[in-house]
*Asks:* 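Take a look at this one; I'll ask things after.
Just so we're clear, the structure is a prediction, and the values are computed from it rather than from any experiment.
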Amino acid sequence: MIIDQDQKFKDVLSKIEGTVSEQCFFNTFLELYPEVWKKHKITFSKFSRSKQFGQTIPLPKPEVSLRKEIRLWLQKNYYRS
């Protein structure tokens, strides 16, 4: 989970020039918020290490979860306008 996600995504959107795509948005987010990305990956890593043998991790990989959040946010806030 990303704190103040909506505001961060709005900032990312304002920095993108030209056509907005999920990949472009993802790359721009990583450039603007490397510390948030690092925290996101660390959180996943902690859950991954804490799982017990034979149990699955309920979290998707960091890249997958961030892309899903971006996709949902773009559908809700960008593509509808």
*Asks:* Is the number of heavy atoms from other residues, nucleotides or ligands within 6.0 Å of CG (Leu72) greater than 12?
*Replies:*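 Check passes, neighbour count above 12.
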*Asks:* Would you kindly say whether Asn27 and Gln23 are connected by a side-chain donor-acceptor distance under 3.5 Å?
*Replies:*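 A pair is found: one side chain offers a donor N or O, the other an acceptor, under 3.5 Å apart.
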*Asks:* Report all side-chain donor-acceptor pairs from residues 35-42 shorter than 3.5 Å, counting only partners two or more places apart or in another chain.
*Replies:*
unit_1, atom_1, unit_2, atom_2, d
His40, NE2, Ser65, OG, 2.8

*Asks:* What residues form a ring pair (Phe, Tyr, Trp, His ring centres under 6.0 Å) with Tyr33, not counting sequence neighbours?
*Replies:* Phe29
*Asks:* Determine, using the 4.5 Å side-chain heavy-atom cutoff (strictly less than), whether Ile2 and Val64 are members of one ILVMFWY cluster.
*Replies:*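 Result: no, two separate clusters.
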*Asks:* Please report the closest heavy-atom contact between Thr19 and Cys24, naming both atoms and the distance.
*Replies:* O-SG, 4.4 Å
*Asks:* Taking side chain as C-beta onward, heavy atoms only, is Val20 less than 4.5 Å from Tyr78?
*Replies:* yes
*Asks:* Checking Asp11 now: which residues fulfil salt bridge (charged side-chain N to carboxylate O under 4.0 Å, His left out) with it, not counting sequence neighbours?
*Replies:* none
*Asks:* Measure the CG-NZ distance between Asn77 and Lys10 for me, rounded to the nearest 0.5 Å.
*Replies:* 7.0 Å
*Asks:* First locate atom CG of Asp6, then atom NZ of Lys76, and finally report the distance between them rounded to the nearest 0.5 Å.
*Replies:*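 That separation rounds to 7.0 Å.
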*Asks:* Leu74 and Phe25: side-chain contact (heavy atoms from CB on, under 4.5 Å), yes or no, with the steps?
*Replies:* CA-CA 9 Å; Leu74 285 173; Phe25 200 98; 3.9 Å; yes
*Asks:* Measuring from atom CZ of Arg67 to atom CD1 of Ile70, what distance do you get when rounded to the nearest 0.5 angstrom?
*Replies:*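 Those atoms lie 7.0 Å apart.
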*Asks:* When you compare the side chain of Phe26 with that of Arg71, does any pair of heavy atoms fall below 4.5 Å?
*Replies:*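 No. Closest side-chain heavy atoms not under 4.5 Å.
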